[in-house]
Amino acid sequence: MRLQYPSNIKIVSIPCTGKVDLIHLLSSFEKGADGVYVLGCLERECRYEKGNLRARKRVEQAQKILESIGIGGERVQMYNLSSSEAPRFVRFANEMTEKIKEMGPNPIKIAMQKKAA
Amino acid sequence: MIVAKQKPIEEIIEETKGYKKILIAGCNECVTVCEAGGKREVAVLASALRMYFMNQGKDVKIDEVTLERQCDHEYLEEIRNTIDQYDAVISLACGVGVQFLAEKYMQMPILPGVDTCFMGVTEERGVWTERCQGCGQCILARTGGICPVSRCAKRLLNGPCGGSTKGNCEINKDLVCGWQLIIDRLKELDRLEDYEKLAPIKDWSTERAGGPRKVIREDVQL
Ligand code: SF4
Ligand code: SF4
């Protein structure tokens with residue numbers, strides 16, 4: 001199945017979404033990412049039992065922080081799918097890209113560019 | 001451990017307004033265990049504040065350090081040569097650490113980054129509950145190892161009040177009655193006769209009622 005997904009998405013692969021820490025999510029925004037989403041296995045199907053549930057909690061923590069500092073909590077999301085669901089992978093990629101396009105660029109990126117100019 | 005919880009980021013932002021060089025200081029002990037003020041929380045707060053100020057177009061330098069403890073001179077001394085670079089420190093230690101840091105560095109504004117709550121345990125990940133109020137004269141030997149000072153809402157010392165219902169406290173039905181726990185445990189220990197013994201009047205002067213307290217150990221003093 002050779003499906004297309006938006007080329008603006010940069011994939012960072014990790015052994016389990018449980019490896020994603022809150023600081024990883026925040027650092028991505030500090031470095032200028034417009035949006036970040038964590039794509040985990042289906043809930044209750046984690047090989048390490050709670051990896052994807054931990055990831056979801058951290059995504060929620062990041063949402064709260066980004067919202068309270070004025071960056072926008074919606075810029076970070078958690079999605080779940082199984083590894084055989086390519087069309088769903090594409091759907092999430094498109095959905096996230098649309099959401100971020102609507103929100104516009106990360107204000108940190110703009111502030112950094114202003115500072116550098 | 002001493003249990004603390006993170007302050008809302010909005011409050012920290014409000015307190016730090018106007019400072020240009022801020023050090024966030026974590027503590028490796030209790031506040032690390034209760035996930036309020038360890039190295040990870042320092043990194044997260046630093047990142048959040050950097051983004052906030054950047055977004056506001058303000059040039060604020062935010063640095064991070066996590067000390068072994070903030071309640072001992074030797075660890076606080078570790079920042080003696082660097083602290084002057086900053087114009088404020090946010091301490092993520094408990095209130096004890098915040099104050100000791102402030103006492104040591106008189107010229108430096110020291111701001112608390114957590115709300116210090118109580119001495120307690122981790123019941124499960126993300127749930128901490130109170131166990132001791134440091135009354136200065138422990139009576140656990142008589143109460144089946146369960147503390148009526150911290151676990152009975154009224155700090156009763158001779159059995160429950162009349163409000164205990166189905167094992168729960170009358171002030172809040174989600175709170176277990178401390179005396180129910182004591183009686184259950186005494187039963188387990190086959191020492192229910194302890195429950196019949198009248199507790200002597202407790203000397204509350206060793207508790208906070210007697211003013212700020214001090215422990216002096218001449219045998220270890222140098
Ligand atoms: S009796 Fe006093 S010292 Fe003992 S656990 Fe209770 S509060 Fe703490
Ligand atoms: S119900 Fe139990 S814990 Fe609550 S005040 Fe009465 S004796 Fe104390």
Side-chain angles (χ1 to χ4, degrees), chain A residues 12 14 17-36 38 43 46 48-76 100 103-117, chain B residues 4-17 19-22 24-26 28 31-66 90 92 111 113-115 122 124-128:
Chain A
V12 180
I14 41 172
T17 51
K19 178 80 186 138
V20 179
D21 215 338
L22 174 54
I23 190 65
H24 299 142
L25 299 170
L26 294 183
S27 297
S28 320
F29 290 97
E30 215 183 320
K31 288 180 184 151
D34 294 318
V36 176
V38 179
E43 288 188 1
C46 175
Y48 304 101
E49 287 188 14
K50 291 184 179 164
N52 48 7
L53 300 179
R54 285 183 216 284
R56 179 170 291 280
K57 289 281 180 177
R58 290 165 192 161
V59 165
E60 287 165 5
Q61 290 169 359
Q63 285 175 332
K64 209 172 148 214
I65 292 174
L66 291 173
E67 192 60 35
S68 48
I69 58 173
I71 309 297
E74 291 280 291
R75 289 184 185 277
V76 56
I100 297 303
M103 294 183 81
N106 175 358
I108 296 297
K109 191 164 72 181
I110 300 171
M112 281 197 295
Q113 284 161 356
K114 260 195 211 155
K115 204 181 158 193
Chain B
K5 61 181 198 302
Q6 292 171 297
K7 273 190 182 292
I9 194 144
E10 293 85 350
E11 185 182 334
I12 298 181
I13 288 172
E14 197 50 44
E15 296 295 339
T16 48
K17 271 186 183 154
Y19 295 116
K20 294 271 172 268
K21 284 174 258 162
I22 301 170
I24 305 182
N28 248 336
V31 287
T32 294
V33 182
C34 63
E35 303 184 47
K39 202 173 174 186
R40 284 175 120 173
E41 290 75 29
V42 168
V44 166
L45 180 61
S47 174
L49 289 182
R50 274 193 296 264
M51 282 194 272
Y52 171 79
F53 288 120
M54 173 76 92
N55 195 22
Q56 298 287 310
K58 288 187 189 134
D59 207 3
V60 180
K61 175 181 148 89
I62 312 265
D63 283 342
E64 307 165 27
V65 67
T66 298
I90 303 171
L92 297 195
L111 313 165
V114 302
D115 288 319
T122 312
E124 57 183 85
R125 180 93 193 264
V127 180
W128 294 273

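Here the structure is a predicted model, which means the values were calculated and not measured. Reminder, nothing fancy here: chain letters follow the sequence lines and each chain counts from 1.
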Enumerate, including both backbone and side-chain atoms, all donor-acceptor pairs under 3.5 Å from chain B to chain A.
| from | atom 1 | to | atom 2 | distance (Å) |
| --- | --- | --- | --- | --- |
| B/R40 | NE | A/D21 | OD2 | 3.1 |
| B/R40 | NH2 | A/D21 | OD1 | 3.2 |
| B/R40 | NH2 | A/D21 | OD2 | 2.6 |
| B/S47 | OG | A/E30 | OE1 | 2.7 |
| B/R50 | NE | A/E30 | OE2 | 2.5 |
| B/N55 | ND2 | A/G70 | O | 3.4 |
| B/D59 | OD1 | A/K115 | NZ | 3.3 |

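Heavy atoms closer than 4.5 Å to chain A are found nowhere in B/L49, neither backbone nor side chain. If you measure heavy-atom distances from A/I23 to chain B, the contacts under 4.5 Å come from both the backbone and the side chain. Of the two parts of A/L25, neither the backbone nor the side chain holds a non-hydrogen atom closer than 4.5 Å to a non-hydrogen atom of chain B.
A/F29 and A/L66 make their closest contact through CE1-CD1, 3.6 Å (heavy atoms, listed as atom of the first residue, atom of the second, distance). The two residues A/I69 and B/A48 have their closest heavy-atom pair at CD1-O, 3.6 Å. Considering all non-hydrogen atoms of both residues, A/C46 and A/G51 come closest at SG-N, 3.2 Å. When all heavy atoms are compared, the tightest approach of B/G113 to B/I90 is CA-CG2, 3.9 Å.
Between A/P107 and A/I71, some side-chain heavy-atom pair lies under the 4.5 Å cut-off.
Annotation: side chain to side chain contact (heavy atoms under 4.5 Å, CB included) contacts of B/V114 (sequence neighbours excluded): B/A4, B/A36, B/L92, B/T116.
Comparing A/I65, A/L26, A/L22 by heavy-atom pairs within less than 4.5 Å of chain B, the highest count is held by A/L26.
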